[in-house]
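Reviewing the structure listed below.
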Amino acid sequence: DQQVKQNSPSLSVQEGRISILNCDYTNSMFDYFLWYKKYPAEGPTFLISISSIKDKNEDGRFTVFLNKSAKHLSLHIVPSQPGDSAVYFCAAQGAQKLVFGQGTRLTINP
Amino acid sequence: DVKVTQSSRYLVKRTGEKVFLECVQDMDHENMFWYRQDPGLGLRLIYFSYDVKMKEKGDIPEGYSVSREKKERFSLILESASTNQTSMYLCASSLAGRADTQYFGPGTRLTVL
């Protein structure tokens with residue numbers, strides 16, 4: 001039973017355009033949501049997070065939106081850069097642990 | 001600079017062998033985690049530990065055990081390796097009460113033949 005789902009395994013975006021990565025969850029008890037970024041041969045690194053009491057958090061080119069009624073969050077990257085090419089994992093925190101989605105491979109084309 | 005290291009980047013073992021994966025963190029973190037990453041399944045939590053000698057089952061603990069004798073070290077043990085345990089294994093650590101911001105090691109690619 002996948003509590004956190006990323007339904008798009010891959011996404012291809014032109015450099016300079018906006019990248020939008022999506023994530024859905026089922027457990028309304030999650031209190032914190034995060035995005036991690038993973039390059040090949042490296043462990044995931046924390047990118048940005050949002051508390052369940054907020055609907056938006058922004059950090060430079062990265063913005064995360066949370067829609068609690070729809071149990072949906074998204075990550076916007078604008079403008080997209082070649083170095084953003086990576087696998088992005090959505091995660092939700094509950095009971096002192098994280099539940100991760102399947103990941104979306106983002107490719108930024110020059 | 002925070003650091004989580006894993007004993008091997010690549011490991012090849014035979015079915016039935018006992019396998020030890022070691023993880024060490026130098027950040028004095030209380031929490032440590034073991035995940036496996038598989039295509040289409042993302043990261044799945046195997047075991048985690050809040051403190052020395054403490055352990056909690058994650059979502060897929062079957063076939064695995066763990067050991068945490070020292071705060072900085074968390075070991076994952078495959079008692080009798082099977083081919084379906086071929087995977088990328090990732091260790092992570094975090095401060096107490098901060099399971100959100102986890103620091104990951106580079107991973108160990110384990111192949112069981």
Side-chain angles (χ1 to χ4, degrees), chain A residues 1-10 21-27 29-54 57 59 64 66 73 75 86-106, chain B residues 1-10 21 23-25 27 29-51 54-61 66 87-109:
Chain A
D1 179 29
Q2 195 85 24
Q3 295 188 70
V4 178
K5 288 184 180 179
Q6 294 175 256
N7 292 316
S8 299
S10 62
L21 294 90
N22 294 302
C23 178
D24 298 298
Y25 63 95
T26 57
N27 188 343
M29 298 302 290
F30 289 138
D31 56 7
Y32 223 78
F33 301 90
L34 308 95
W35 287 93
Y36 278 78
K37 177 179 180 179
K38 185 180 185 302
Y39 291 118
E42 294 182 15
T45 54
F46 170 75
L47 185 60
I48 192 169
S49 64
I50 186 167
S51 165
S52 60
I53 63 172
K54 295 189 174 183
N57 187 27
D59 183 3
V64 56
L66 176 63
L73 66 154
L75 174 68
V87 176
Y88 290 78
F89 290 99
C90 166
Q93 178 181 277
Q96 288 297 309
K97 61 181 184 178
L98 292 181
V99 180
F100 284 85
Q102 304 96 314
T104 296
R105 181 177 302 278
L106 175 64
Chain B
D1 195 18
V2 298
K3 200 154 188 184
V4 179
T5 56
Q6 296 183 228
S7 50
S8 305
R9 296 300 300 269
Y10 300 94
L21 302 182
C23 175
V24 178
Q25 50 96 3
M27 297 163 282
H29 283 171
E30 289 78 15
N31 299 336
M32 295 189 76
F33 307 83
W34 274 107
Y35 296 89
R36 62 178 283 177
Q37 181 193 355
D38 300 289
L41 296 175
L43 276 70
R44 293 179 293 166
L45 183 64
I46 304 171
Y47 267 97
F48 59 108
S49 170
Y50 294 133
D51 203 347
M54 295 186 68
K55 60 184 179 184
E56 296 281 344
K57 291 181 179 179
D59 300 316
I60 51 164
V66 291
S87 186
M88 170 67 80
Y89 289 88
L90 291 159
C91 174
S93 71
S94 72
L95 288 167
R98 292 302 309 269
D100 54 327
T101 310
Q102 295 184 16
Y103 295 87
F104 282 84
T108 295
R109 169 74 62 184

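Just so we're on the same page: letters track the sequence lines, and every chain starts at 1.
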- Message: Below 4.5 Å, heavy-atom pairs only: which of B/Met88, B/Arg109, B/Gln37 has the largest tally toward chain A?
- Response: B/Gln37
- Query: Which answer fits A/Glu42, side chain, backbone, both or neither, if we ask what part of it has an atom under 4.5 Å from a heavy atom of chain B?
  - Reply: backbone
- Under 4.5 Å from any heavy atom of chain A - which part of B/Arg9: side chain
- Query: Between B/Gln102 and chain A, which part of the residue has a heavy atom less than 4.5 Å away: side chain, backbone, both or neither?
  - Reply: both
- Roughly how far, to the nearest 0.5 Å, is CZ of B/Phe104 from CZ of A/Phe46? 12.0 Å
- Heavy-atom distances under 4.5 Å only: say whether B/Leu43 touches chain A with side chain, backbone, both or neither. both
- Message: Between A/Pro44 and chain B, with a heavy-atom cut-off of 4.5 Å, which part of the residue counts as in contact: side chain, backbone, both or neither?
- Response: both
- Item | Side chain to side chain, B/Glu56 and A/Lys97, heavy atoms closer than 4.5 Å | no
- Side chain, backbone, both or neither: which part of A/Tyr36 has a heavy atom under 4.5 Å from chain B? side chain
- Reported OH-to-OG1 distance for the pair A/Tyr32 and B/Thr101, which is rounded to 0.5 angstrom: 7.0 Å
